[in-house]
Amino acid sequence: MTIFQRLKHDVKAGLATLRHGTAQAAIRALEETELLRIRLDIRKFDQQLEELYRDVGERAIHLREAGEPVERVLYDTEIDRLVKEIQALKDAREKLESEITEIRSER
């Protein structure tokens, strides 16, 4: 093999390695972007959960201050609706966390 052939071979091998590295970097960037998006969604869910917890507490306190018995507070339809909404958000948040775990395990 002449020096020119060896040089040509080395350049081709170098380009192949560069292409592979570039593809890996692009894939990694896409994964990180997706993880960032999911984390942002989780933060939004956390904020919504905080608001709902506050709403439940305010509603319960309002009912008790109005003289409602504890049983009435526990079975209030508005509180029940808020609790169901909280559970739905928790389930959605859990699903996003499992997506993060799945993305990380694929690496």
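The structure displayed is predicted, hence computed values, not measured ones. Nothing fancy with the numbering, it's 1 onward along the sequence.
Among residues two or more places apart in sequence or in another chain, the side-chain hydrogen bond (donor to acceptor under 3.5 Å, both in side chains) test is passed with Gln48 by none.
Taking the side chain as every heavy atom from C-beta outward, Gln5 and Thr2 approach each other to under 4.5 Å. For the pair Lys84 and Asp80, the minimum side-chain heavy-atom distance is below 4.5 Å. Two residues are said to be in side-chain contact when any heavy atoms from C-beta on lie closer than 4.5 Å; Lys44 and Arg39 fail this criterion. Looking only at side-chain heavy atoms (C-beta outward), Leu52 and Val83 stay at 4.5 Å or farther from each other. Looking at heavy atoms from C-beta onward, Gln47 lies out of side-chain contact with Glu50 at the 4.5 angstrom threshold.
Glu94 and Lys90 are not joined by a salt bridge, as no carboxylate oxygen comes within less than 4.0 angstrom of a charged side-chain nitrogen. Ion pairing between Arg64 and Glu68 fails under the 4.0 Å rule for side-chain N and carboxylate O.
Of the inter-residue distances, the one linking Ile42 atom CD1 with Leu96 atom CG reads 5.0 Å to the nearest 0.5 angstrom. Rounding to the nearest 0.5 angstrom, the gap separating the CD1 atom in Ile100 from the CD atom in Glu34 is 9.5 Å. To the nearest 0.5 Å, atoms NZ (Lys12) and CG (Leu15) are separated by 10.0 Å. One distance of note links CD of Glu102 with NZ of Lys95; it measures 10.5 Å at 0.5 Å rounding. Between the CD1 atom in Ile86 and the CD atom in Glu51 there is a gap of 11.0 Å [rounded to 0.5 Å]. Summarising the geometry, atom CG belonging to Leu35 is positioned 6.0 Å from atom CZ belonging to Arg104; distances are rounded to the nearest 0.5 Å.
More than 12 heavy atoms of other residues, nucleotides or ligands sit less than 6.0 Å from atom CZ of Arg54.
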List the steps, then state whether salt bridge (Lys or Arg N to Asp or Glu O under 4.0 Å) holds for Arg59 with Asp55. CA-CA 6 Å; Arg59 176 73 177 164; Asp55 292 347; over 6 Å; no
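Leu82 pairs with exactly one of Asp76, Thr77, Val56 by the side chain to side chain contact (heavy atoms under 4.5 Å, CB included) rule, that one being Val56.
In terms of hydrophobic clustering, with Ile, Leu, Val, Met, Phe, Trp and Tyr side chains grouped at heavy-atom distances under 4.5 Å, Tyr53 and Ile79 are assigned to a common cluster. Cluster membership for Val70 and Leu63, using ILVMFWY side-chain heavy atoms within less than 4.5 angstrom, is not shared.
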